[in-house]
Structure formats: structure tokens, C-alpha cells
Amino acid sequence: MDNNHAPLLEMRNIKKDFFGNQVLEDINLKLEAGEVLGLVGENGAGKSTLMKILFGATDISETGGYGGEIYLNGEKVSFKTPFEAIEAGIGMVHQEFSLIPGFEATENILLNREPKRSNLIAEVFGERLDTLDRKEMDERAAKAIEKMGVSIDQHMLINSMPVGHKQFTEIARELSKDQLRLLILDEPTAVLTEREAEALLESIRGMSARGITVIFITHRLQEILSVCDKVAVMRDGILVQEVPASETNVDEITRWMVGRSIEGGASKTDVRIDENARTILKIDKLWVDMPGETVRNVSLEVKEGEILGIGGLAGQGKLGIPNGIMGLYAAGGSVVFDGKEIPLNNPRKCLDSSFAFVSEDRRGVGLLLDESLEWNVAFPAMQVQNRFLKNYLGGLVKWRDEKAIREVTEKYIDELKIKCTSSKQNARELSGGNQQKVCLAKAFALEPKVLFVSEPTRGIDVGAKALVLDALKKFNRESGVTVVMISSELEELRSTADRIAIVSGGKISGILPATSSVEDLGMLMLRGVI
């Protein structure tokens with residue numbers, strides 16, 4: 001092969017199976033230097049697996065490797081570890097952050113590549129006693145941030161940062177590597193505000209202009225069309241389509257992704273607002289101390305049996321409300337449920353009061369990743385409500401009811417269409433969207449009276465979104481469960497909720513029926529935002 005005319009990246013006939021499941025079949029892909037590829041597909045389509053193969057992720061080599069060949073600039077490569085991929089100029093920013101919380105942005109950007117200063121002691125006792133060259137570190141980090149084109153405070157500790165700035169720190173870390181030729185961005189805008197997302201897209205254009213090839217994975221198809229040169233669509237482990245971005249549109253990409261047409265926005269005919277419904281949950285003057293969120297003075301009444309949507313711009317307080325009520329962050333004010341005051345800062349009391357919570361942080365607080373789906377779905381109900389247990393000797397001995405556990409898990413695998421090999425599979429082995437569905441199943445199994453669900457479709461594809469939102473509606477309508485749903489996407493709230501409360505500046509700026517226009521809801525979002 002003539003290496004002068006070889007593409008920067010070529011993947012030929014890539015195949016991979018996991019645990020007996022064929023997850024990739026015959027993938028062929030070519031990318032030139034500076035080209036931006038939008039890689040899309042439903043969750044479980046194989047996108048992350050393909051990128052892990054390219055990046056030398058250890059769980060690929062530990063599960064028998066892969067079939068096919070990869071070429072970089074015409075040279076055949078096969079990375080056994082991410083270190084080998086990094087050395088060859090490949091960088092990857094993962095969906096889940098890999099930053100050290102107690103370190104500054106600069107320290108994270110240059111981690112394990114810090115410039116050192118030699119000194120007399122180090123010359124005698126060895127280089128481990130070199131000191132860090134802080135000035136050089138600051139300069140290098142500042143240069144990487146400048147390359148990115150988005151301003152972040154390089155001296156801020158990671159655990160004090162808003163979530164969008166953590167994402168930018170990860171990207172700056174990759175851009176600080178001189179040898180970077182290809183950058184993989186996995187769902188980078190899922191946690192960003194619209195303004196931050198636009199800045200990131202501008203940053204991708206800048207990388208492309210400097211000759212860095214970018215593979216951009218996202219479910220926000222409009223972003224793909226605005227920044228990518230071409231779009232590759234995966235479905236069920238196969239590359240079903242590859243076209244120039246200028247020659248396609250959102251509807252066409254959606255059809256390729258799901259193999260069917262997705263209707264935009266559910267019908268509004270089933271919005272129910274019962275003026276006479278009693279107030280089941282009364283929140284008064286709630287404040288919550290949650291990093292990156294502002295909850296100062298939230299007062300809100302939730303009607304029995306409704307789906308109440310809570311929306312608002314990032315950082316204005318919408319995520320803080322359920323996290324504060326459920327006791328995950330320090331909170332004050334009062335919460336009265338069914339006429340009884342619920343003590344704040346006490347998660348167990350909330351669960352005992354028949355509340356359930358599906359967190360936006362599915363990996364951090366949502367799942368037992370190394371346990372089976374059965375254990376994930378049944379464990380909270382077992383722990384909180386003594387369900388799925390058999391009593392012997394008058395209750396002296398309790399034993400797990402394996403049959404009931406399997407049945408409830410299989411029920412939700414079926415209802416939520418969770419892609420897995422069986423109910424015994426570990427949660428870690430599922431794709432992000434399917435993990436999200438397991439979080440929902442776990443909450444449904446608690447049979448709560450009030451369900452808080454935060455960003456239920458974050459990072460999941462268009463097909464799974466419709467399914468998750470329909471499942472929430474069905475759970476609400478058939479079981480009479482009151483649902484409080486927090487989401488960054490107005491369309492999602494409009495298609496699912498009965499009423500929508502908008503949070504701005506740490507308090508409720510207004511509540512409107514879900515049939516209200518996006519413009520009216522948008523105006524409430526901006527009220528009180530400085």
C-alpha cells in the first residue's frame with residue numbers, strides 16, 4: 001500500500017462477539033486526516049464496542065480480541081491497551097468521566113505527563129524526587145484550553161466544577177497530547193447546556209481545521225449534521241449506511257437507525273389536568289446544597305396521579321430538587337406527603353414513605369454493576385419492603401424467593417425491551433440505554449406511590465427514548481403512581497407530562513399545561529436567569 005495516499009484510519013471487516021452475542025459484524029470504515037465522522041445508532045448497536053476496539057480497551061483483549069484489521073496511515077496496528085493507542089496518537093473522551101475529583105483542572109489535563117524540575121536531592125536519590133514544574137504545567141494546560149476554544153478555570157478543583165466544565169477538562173487533556181491525530185468523543189454533549197454544546201461543536205471544527213480527525217458519537221442528530229463531514233449509521237452490529245452529512249437529514253438518519261419511522265412528539269390528547277385532584281406532595285421553601293445546582297426557594301404542589309414535568313436550563317436547580325428531597329444532598333425547607341411531613345436528609349425515610357428515585361447518575365448511584373439484573377431489580381424492594389423473601393420458622397429465617405425475583409425481572413426485561421442474554425447477566429455488560437432501563441425496572445419493582453425520575457433518557461437513542469417514556473406513562477396510568485419527571489428536553493416533557501413546572505434561578509418561575517408552546521415554556525426558563 002502507498003502510505004502517502006493511505007487514509008488516516010481504515011477499519012476492515014471488524015467482527016466481535018461478547019458472551020456468545022455477536023455484537024459487530026463486518027464493519028468497514030475509512031477516515032482521512034481532519035475528517036469529522038458522526039457515528040450514530042441505537043443503544044446496543046455496537047458503536048461503543050467498535051470504538052473500544054480502536055482504542056485498545058482491555059475488556060476487548062480480555063474477551064478473546066476481535067476479528068478484522070485496523071490501519072493507521074497505512075500501517076497495520078492492533079492495540080492491546082489504551083496506552084498503545086494513545087502512543088499512536090488516538091485519544092478518547094468517554095461518556096463516564098475519568099477525572100480525579102480532588103485535583104485541579106491543570107493537574108488532570110497533564111496527569112502522568114507533568115513537566116518536572118530536577119534538583120540536587122533528585123540527582124542523588126533518583127528522579128522520583130523531582131518536583132513538578134508548576135509554571136510549565138500552567139502554560140501547557142492553558143495552551144490546551146485555548147486549543148479547545150472554550151474557557152474553563154484551570155485552577156478549579158474537579159469536584160467544584162459544573163458537569164459541563166468536567167467534560168471540557170477531559171477534552172483539553174486529550175488536546176494537550178502533542179501526538180494526537182484522532183479523537184473519539186463518546187456522547188460529549190449529553191451533559192452540556194445548549195451554549196456549551198455550541199462551543200464544543202465550534203471546538204470540533206477547530207480540531208478538524210488543524211488536521212485532527214474526529215469520531216463524534218451522539219444521539220443529538222442535529223449536531224451531527226452541523227459539524228460532521230459524513231455520517232455512519234450502525235444497527236444491530238452492522239454498518240447500515242455511510243453518507244456525506246450534506247446529503248441527509250434527521251428523519252432519514254432516524255429511519256436508518258431504528259429501521260422504522262419514529263413519530264416526532266407523542267400525541268397530546270392524553271394530557272390530563274384535574275383541577276379537583278388532591279395535592280399528594282407539597283414542597284415548601286426547599287433549598288438544596290448540590291454542586292453545580294441552584295435550589296434556593298422551591299415551592300411546588302404535586303397532584304395525585306399526575307405526571308408533573310420539571311424543566312429548566314442547566315444549573316438552575318431542576319436536578320437538585322429530587323436529589324435534595326431524597327436525601328442525597330443537604331437540604332432544608334419542608335416536604336409533606338399525604339398529610340405527613342417527610343424528614344429531609346434521610347434517604348431511608350423517603351423510601352419507607354413509598355418514594356422511589358431514578359437518578360440521572362445511573363453508574364454512580366443507580367446500579368450494582370457487578371451484580372445480575374435480577375439482583376439489581378429486586379434488591380431495593382427486598383431491602384426496604386421485605387419483598388421477594390420467603391419466611392421460615394415464623395419469620396426467624398428469611399430466604400430469597402428466587403422464582404419471584406426471576407419472574408419480576410423477566411417481566412420488566414420484556415416490558416422495557418431490555419437487550420440482554422438473560423436475567424442473570426451482569427448490569428456492567430449492558431449498553432448505557434439498557435442500564436437506564438434497568439434503573440427504571442428497579443424503581444417500578446418498588447411499587448412506589450411517588451416516583452421521581454431524573455433525566456430518564458439521557459444518553460439513550462431515539463428508539464429507546466420513546467419506549468422509556470411510554471413505559472413511564474403506562475406505569476403512571478395503570479398503577480396510579482404519581483410521577484415527577486425532570487428533563488433537560490422540553491419536547492420530552494411536552495410529550496409525557498400533564499403539567500410542566502419550570503425552574504429558574506433556584507425557584508419555580510411558573511407552571512403550565514404540557515400543551516403549552518415551546519416559546520411560552522422557554523420564556524419561563526429565561527425568567528430570573530442573569
Side-chain angles (χ1 to χ4, degrees), residues 19 21 43-44 305 307 322 326 347-348 350-392 395 397-457 460 463-485 496:
F19 314 104
N21 272 355
N43 283 92
I307 299 181
M326 294 301 294
R348 180 62 201 239
C350 290
L351 292 167
D352 288 342
S353 303
S354 291
F355 288 11
F357 179 35
V358 179
S359 167
E360 68 283 355
D361 180 5
R362 61 176 176 250
R363 280 178 169 263
V365 299
L367 293 170
L368 303 163
L369 289 169
D370 293 312
E371 299 292 347
S372 69
L373 301 193
E374 291 182 6
W375 194 237
N376 271 281
V377 170
F379 183 66
M382 203 185 294
Q383 200 177 32
V384 177
Q385 301 165 341
N386 282 323
R387 285 176 55 226
F388 308 119
L389 293 170
K390 286 179 176 171
N391 290 324
Y392 297 100
V397 177
K398 289 180 166 50
W399 208 257
R400 282 184 295 177
D401 186 341
E402 301 288 356
K403 183 167 177 280
I405 290 170
R406 188 173 64 254
E407 280 172 2
V408 73
T409 307
E410 285 175 351
K411 174 188 168 191
Y412 290 121
I413 286 172
D414 187 45
E415 271 185 31
L416 294 166
K417 297 188 173 53
I418 299 171
K419 280 188 185 169
C420 57
T421 50
S422 79
S423 61
K424 302 270 187 248
Q425 191 171 8
N426 281 359
R428 184 183 297 285
E429 293 168 8
L430 267 53
S431 71
N434 286 301
Q435 288 179 348
Q436 184 74 321
K437 292 180 194 172
V438 175
C439 291
L440 273 179
K442 185 178 77 162
F444 289 176
L446 278 165
E447 297 177 2
K449 289 182 180 147
V450 175
L451 171 64
F452 291 96
V453 54
S454 186
E455 301 287 10
T457 66
I460 68 176
K465 264 183 189 180
L467 209 145
V468 162
L469 297 175
D470 285 348
L472 274 172
K473 261 189 175 174
K474 186 173 175 225
F475 189 57
N476 163 259
R477 305 293 196 250
E478 292 180 6
S479 312
V481 174
T482 304
V483 176
V484 179
M485 170 179 156
T496 313

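Just so you know, these numbers use all the heavy atoms, side chains as well, and skip hydrogens, waters and symmetry mates. If you read the sequence from its start, that first residue is 1, and numbering goes on from there.
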Distance (rounded to the nearest 0.5 Å) between Met382 CE and Ile405 CD1: 3.5 Å
How many angstroms lie between atom OG1 of Thr421 and atom CD of Glu429, to the nearest 0.5 angstrom? 6.5 Å
Rounded distance (nearest 0.5 Å) linking atom CD of Gln436 with atom OG of Ser359: 9.0 Å
Give the C-alpha distance, both sets of side-chain angles, the deciding distance and a yes or no for salt bridge (Lys or Arg N to Asp or Glu O under 4.0 Å) between Glu402 and Arg406. CA-CA 6 Å; Glu402 301 288 356; Arg406 188 173 64 254; over 6 Å; no
How long is the gap from OG1 on Thr409 to CD on Glu374, to the nearest 0.5 Å? 5.0 Å
When you check the gap from the basic side-chain N to the acidic O, do Lys403 and Glu407 get nearer than 4.0 Å? yes
Side chains of Trp375 and Arg400 in contact at under 4.5 Å (non-hydrogen atoms): yes
Of the non-hydrogen atoms in Ala471 and Leu416, which two are nearest, and what is the gap between them? CB-CD2, 3.3 Å
Does the Gln425 side chain pair with the main chain of Leu373, one donor and one acceptor, at a distance under 3.5 Å? no
Value rounded to 0.5 Å, distance of OG1 in Thr482 from CZ in Phe452: 10.0 Å
Donor-acceptor pair, Ser354 side chain versus Pro448 backbone, under 3.5 Å? no
Side chain proximity check, Lys473 to Thr496, heavy atoms < 4.5 angstrom: yes
Looking at side-chain heavy atoms only, is the closest gap between Leu451 and Leu472 below 4.5 Å? yes
Would you say Arg477 and Ile307 make side-chain contact, with heavy atoms under 4.5 Å? yes
Looking at every heavy atom in both Pro456 and Leu469, which two are closest together, and how far apart are they? CG-CD2, 4.5 Å
Heavy-atom closest pair, residues Gly305 and Asn476: O-ND2, 3.1 Å
Any side-chain to backbone donor/acceptor pair from Asn434 onto Ile418? Under 3.5 Å, distance only. no
Distance check, rounded to the nearest 0.5 Å: Leu440 atom CG versus Phe475 atom CZ? 9.5 Å
Between Asn376 (side chain) and Leu369 (backbone), is there a donor-acceptor pair under 3.5 Å? no
Can you find a heavy atom in the side chain of Val408 that is under 4.5 Å from one in the side chain of Arg387? no
Under 3.5 Å donor-acceptor, Glu447 side chain and Val481 backbone: no
When you check the gap from the basic side-chain N to the acidic O, do Arg348 and Asp352 get nearer than 4.0 Å? yes
Hey, does Lys442 have a side-chain heavy atom less than 4.5 Å from the side chain of Leu367? no
Answer yes or no: is there a donor N or O on one side and an acceptor on the other, between the side chain of Ser353 and the main chain of Phe355, under 3.5 Å? no
